[in-house]
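Each chain gets a letter, A, B and so on, in the order its sequence line appears, and its residues count up from 1. Basis for what follows: all heavy atoms, side chains included, without hydrogens, waters or symmetry-related copies.
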Amino acid sequence: MKAIRIPAPEFDLEKTLNSGQVFHWERLKSGFVGTIDERAVCVEQRGDTLRVAFGEAPALPEIVSRYFALDHSLPEICASFPQDAPMQAAREFCRGLRIIRQPKWECLATFICSSMKQVAHIRQISRNLRERFGEERKIDNWSVFAFPSAQRIARSSEAQLRACALGYRAKNLLATARLVTRGDVDLEQISTLPDEELRAVLCGLPGVGAKVANCVMLFAYERLRAFPIDVWIERVLREQYFRRKRKVTALRLRDFTQSYFGEHGGYAQQYLFHYARLKSGRDAALRRPRTAQGAVPTSDKRRPLR
DNA sequence: CTCCAGGGATGAT
DNA sequence: ATCATCCATGGA
């Protein structure tokens with residue numbers, strides 16, 4: 001397998017892939033294996049360089065640098081953060097963490113599945129959907145699966161989706177997949193809309209509320225102002241920015257985040273989120289390096305879903 | 001406004 | 001081995 005080298009200064013691959021924005025990359029040896037769109041990719045960081053191997057597809061460095069947003073100027077983004085103590089700590093802790101550019105349907109579908117789930121569950125669901133409905137791609141002597149298209153999901157049944165551990169989210173994912181397949185919503189076309197209108201369209205989809213819409217805007221539509229508020233961030237906001245204030249409503253929090261964190265609020269959110277989550281140390285899997293589970297040797301038979 | 005389905009990994013007992 | 005905990009959306 002031939003690897004190409006891509007310069008990647010101010011980048012931390014592990015932090016980026018383990019910060020709760022993307023859920024399908026698996027540890028493999030000293031790097032990660034996953035997919036970028038339809039392509040199987042192995043990526044490993046050595047200092048300021050990425051060593052990248054593609055599966056059967058031709059090796060295209062620009063696909064990798066675009067996906068990992070290596071063109072984002074982290075010094076400029078970090079300089080735009082508010083200068084307060086929690087932000088300083090998060091900024092130092094998250095050095096090199098980037099908001100990546102995810103495929104739109106893959107991101108939307110995954111975050112519909114994320115509601116009321118923790119990171120470990122979301123990873124499980126993503127893997128189940130890929131193994132059950134996605135196309136297999138070989139790389140090295142491993143197998144990975146592309147995320148299934150909206151068309152493929154739309155052709156499945158709610159029961160099949162439930163078998164992927166989606167629970168009540170199955171109905172929402174199926175309904176949204178059908179809307180996208182029918183062309184009622186064009187995920188590419190809406191990328192030209194201003195933030196508020198884009199958010200409104202996304203929130204019109206089943207299973208998409210304000211939080212999921214903001215995640216999709218941030219991770220798939222390059223809306224770096226979008227500030228998803230989940231329980232982790234809400235905890236940080238209340239403790240760090242509204243200490244000993246009573247009756248802080250959701251609306252108040254939303255207004256505060258939009259005005260206070262500025263044009264790269266989504267980055268600020270991601271840094272605060274990742275810092276809070278790892279510091280609290282609840283998700284042990286993040287700190288204990290593990291070997292790949294989803295990527296199976298091609299000699300093995302596919303495992304049955306649990 | 002309140003209440004709660006829903007489900008599987010995870011840590012505690 | 002069982003038990004409690006985590007959690008965003010939508011509908012009653």
Please give, in whole Å, the distance from [N] [atom2] to [X] [atom1]?
X: A/Leu166; N: C/dC7; atom1: CG; atom2: C1'; result: 15 Å
X: A/His121; N: B/dT10; atom1: NE2; atom2: P; result: 7 Å
X: A/Asn172; N: B/dA5; atom1: CG; atom2: P; result: 17 Å
X: A/Lys117; N: C/dC6; atom1: NZ; atom2: P; result: 15 Å
X: A/Phe273; N: C/dC6; atom1: CZ; atom2: C1'; result: 13 Å
X: A/Ile122; N: B/dA9; atom1: CD1; atom2: C1'; result: 12 Å
X: A/Trp232; N: C/dC6; atom1: CH2; atom2: C1'; result: 9 Å
X: A/Lys171; N: C/dT9; atom1: NZ; atom2: P; result: 18 Å

How are the rings of [X] and [Y] set to each other: parallel, tilted or perpendicular (split at 30° and 60°)?
X: A/Phe93; Y: A/His274; value: tilted
X: A/Phe111; Y: A/Phe23; value: perpendicular
X: A/Tyr267; Y: A/His264; value: perpendicular

Taking only N and O in the side chain of A/Arg123, is any of them less than 4.0 Å away from OP1 or OP2 of B/dA9?
no
Listing for DNA chain C: consecutive Watson-Crick or G-U pair runs of at least 3, distance cutoff 3.5 Å, ranges ordered by first number, gives B:2-5 with C:9-12, B:7-13 with C:1-7
What nucleotide among [options] has an atom nearest to a side-chain atom of [X]?
X: A/Ala120; options: B/dT10, C/dC7, C/dC6; result: B/dT10
X: A/Arg235; options: C/dC7, C/dA8, C/dC6; result: C/dC7
X: A/Tyr168; options: C/dC7, C/dA8, B/dG7; result: C/dA8

The residue, A/Val208 or A/Val231, whose nearest nucleotide of DNA chain C is more 5′ is A/Val231
Aromatic ring centroids of A/Phe261 and A/Tyr241 under 6.0 Å?
yes
Ring centers of A/Phe227, A/Phe273 separated by less than 6.0 Å:
no
Do A/Thr35 and A/Arg130 have a side chain donor and acceptor closer than 3.5 Å?
yes
side-chain contact (heavy atoms from CB on, under 4.5 Å) partner of A/Asn18, the single match among A/Gln21, A/Glu14, A/Lys15:
A/Glu14
Base, sugar-phosphate alone, or nothing: which one does A/Leu205 contact when heavy atoms must sit under 4.0 Å apart?
sugar-phosphate
